Amino acid sequence: MNAVLNRRHFLRHLGVSAAALPFLAGLPSLMGAALPQRRQRLIIMFSPNGTLPTDFWPDQQGESFELKSILKPLEPFKSQTLVLNGVFNKVRGDGDSHMRGMSCLLTGSELLPGNIMGGGGNPAGWASSISIDQELRNFFQSQPETRTRFGSVEFGVAVPGRADPWTRMSYTGGNQPVAPIDDPYQMFGKLYGRMKDKESLVSVLDDVQDDIKRVASKLSARDKALLDQHLTIVRNLEKDLKNTDTDAALQHPVPELDPSIELVNDNTPQISRMQIELLVNALSNDMTRIATLQYMRSVGQAQMRWLGIEEGHHSLSHDPDGNTASQDKLRKINTWFAGELAFLAKRLSETPEPAGEGSMLDHTLIVWTNELGKGNSHTLDNIPLVMVGGGANFKMGRSLKLDKVAHNRLWLTLAHAMGHQIPTFGKPELCAEGVLDLA
């Protein structure tokens with residue numbers, strides 16, 4: 001019987017309801033057991049439409065590097081940051097660069113034939129194989145010591161209500177895309193199992209507070225402090241979600257159609273922070289150890305009015321390098337994404353590691369990437385790749401210039417770092433040179 005079932009039976013023996021399990025199941029001292037083995041976690045964060053290379057890549061290599069303007073929000077985590085230049089998406093075949101950039105990003109293999117028309121009249125279908133997040137999910141779920149309630153959780157922020165190769169990066173297998181959840185109501189309901197609709201929102205904590213009090217006396221001081229932090233986060237999230245019922249400005253509309261300029265809500269920054277809080281809470285409760293956080297979509301025309309930008313993101317990314325006004329706006333957009341990454345890192349750094357020493361950031365690797373290297377050239381070369389945190393035993397605090405390596409090799413390296421010793425990932429020929437030396 002695995003640890004999750006043992007813990008569930010133990011809770012039932014104490015008279016604790018199943019509703020309390022999400023709050024308690026990740027606490028090591030629940031059954032008086034020794035601390036389990038180190039937990040490794042992975043978060044893959046995506047933002048679209050390429051970057052501005054001159055404002056993104058550090059000029060220096062090695063440990064003595066300076067963060068350029070876009071990456072400046074990561075300054076507090078510089079010693080835990082690894083910037084990788086020279087990673088190429090070498091997958092070719094059907095579809096345009098945006099389609100292959102998005103749906104081949106985490107799969108490392110071609111798109112299937114299909115009738116979804118890409119730019120330049122080049123049609124394609126969905127990806128043809130599993131993505132690296134789902135590959136690692138399956139690996140973790142295959143072992144009792146790393147199995148979690150959900151296996152993986154896919155978060156979205158302002159992902160439009162449509163399904164095509166431009167909107168999906170996670171795949172459970174060929175022709176099997178995974179849709180991210182970008183509504184905090186739905187995500188809250190998935191994690192805690194009580195949220196049926198916005199109108200009938202009830203306090204999850206009110207329902208389980210007696211159970212939690214009953215168990216608290218059996219927890220270690222460390223776990224009591226962690227539980228208090230969990231409960232505070234959930235209580236704050238409940239308040240935020242309730243406020244959306246009374247404040248129309250906080251509602252998150254998802255258009256049924258995809259207009260030329262997508263109606264990204266002005267409160268997308270607040271929704272992003274709510275999703276990040278839910279993500280950190282899910283990881284700290286050991287509901288999952290694999291997560292994705294997808295901002296918008298490839299070719300997305302998000303209007304980021306909270307940054308003072310009225311134009312669509314994709315249109316701006318097509319403007320020539322000499323258009324300084326567009327460059328300034330793109331710099332703001334990409335710096336905002338970096339700021340959300342920094343906030344995620346901050347929240348993980350503030351959360352004690354439940355099953356070991358240090359913070360959760362010390363045991364969690366965040367990978368921030370993009371479907372293109374540069375928007376106006378549609379290049380799949382030099383994909384923006386930044387890693388923050390621990391969890392993979394890579395040597396952090398560096399900027400590296402790699403020699404045009406296939407991104408398949410990076411995902412293969414990540415799999416090995418997580419203990420999954422697969423020989424190749426995606427297209428085997430793109431893994432011929434093996435894993436990268438990032439240790």
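All figures in this text were calculated on a predicted structure; none of them were measured in a lab.
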Would you check if there is a donor-acceptor pair between the side chains of [Y] and [X] at a distance under 3.5 Å?
X: S103; Y: Y171; result: yes
X: S317; Y: N49; result: no
X: S315; Y: Q301; result: yes
X: Q134; Y: E154; result: yes

Might you confirm whether atom CD of Q60 has over 12 heavy atoms from other residues, nucleotides or ligands at distances under 6.0 Å?
yes

Does E66, at its CD atom, have more than 12 non-hydrogen atoms belonging to other residues, nucleotides or ligands within less than 6.0 Å?
no

Do the side chains of [X] and [Y] get close enough for a salt bridge, i.e. N-O under 4.0 angstrom?
X: E371; Y: R100; answer: no
X: E277; Y: R273; answer: no
X: K68; Y: D59; answer: yes
X: R297; Y: D182; answer: no

Taking all non-hydrogen atoms of both residues into account, name the closest pair between [X] and [Y] and its distance.
X: W368; Y: I70; value: CH2-CG2, 4.5 Å
X: K427; Y: S109; value: CG-CA, 4.0 Å
X: G300; Y: H313; value: O-CB, 3.6 Å
X: F88; Y: D381; value: CD2-OD1, 3.0 Å
X: D319; Y: N376; value: O-ND2, 3.0 Å
X: P73; Y: A342; value: O-CB, 3.3 Å

Given 3.5 Å as the limit, does a donor-acceptor pair link the side chain of [X] with the main chain of [Y], or not?
X: W411; Y: L105; value: yes
X: T413; Y: R409; value: yes
X: H363; Y: E357; value: yes
X: N370; Y: I383; value: no
X: S152; Y: I290; value: no
X: R149; Y: L191; value: yes
X: N285; Y: M287; value: no
X: E340; Y: I276; value: no
X: D328; Y: A325; value: no
X: N382; Y: G373; value: no

Between M274 and M187, does a side-chain contact (heavy atoms from CB on, under 4.5 Å) hold up when you go through it step by step?
CA-CA 10 Å; M274 291 165 69; M187 185 58 76; over 6 Å; no

Heavy atoms, side chains only, cut-off 4.5 Å: are [X] and [Y] in contact?
X: I309; Y: K332; value: yes
X: T351; Y: L283; value: no
X: L410; Y: L436; value: yes
X: M99; Y: S298; value: no
X: T172; Y: R137; value: no
X: M296; Y: F337; value: yes
X: K401; Y: W57; value: no
X: V386; Y: F56; value: yes

Value rounded to 0.5 Å, distance of [atom1] in [X] from [atom2] in [Y]:
X: T51; Y: K374; atom1: OG1; atom2: NZ; result: 10.5 Å
X: N408; Y: E433; atom1: CG; atom2: CD; result: 11.5 Å
X: K346; Y: S359; atom1: NZ; atom2: OG; result: 12.5 Å
X: W126; Y: R168; atom1: CH2; atom2: CZ; result: 6.0 Å
X: R289; Y: T364; atom1: CZ; atom2: OG1; result: 10.0 Å
X: Y295; Y: T268; atom1: OH; atom2: OG1; result: 10.0 Å

Given the rule in the side-chain contact (heavy atoms from CB on, under 4.5 Å) test, do L380 and R92 qualify, once you have shown the distances and angles that lead to the verdict?
CA-CA 10 Å; L380 299 179; R92 296 299 180 256; 3.7 Å; yes

Does the plane of the ring in H378 sit parallel, tilted or perpendicular to the ring in H318? Use 30° and 60° as the thresholds.
perpendicular

May I have the step-by-step check of side-chain contact (heavy atoms from CB on, under 4.5 Å) for Q294 and T292, ending in yes or no?
CA-CA 6 Å; Q294 178 182 332; T292 54; 5.9 Å; no

Start with the C-alpha distance between I333 and L316, add both sets of side-chain angles, then the distance that settles side-chain contact (heavy atoms from CB on, under 4.5 Å), and finish with yes or no.
CA-CA 10 Å; I333 289 171; L316 284 170; 4.1 Å; yes

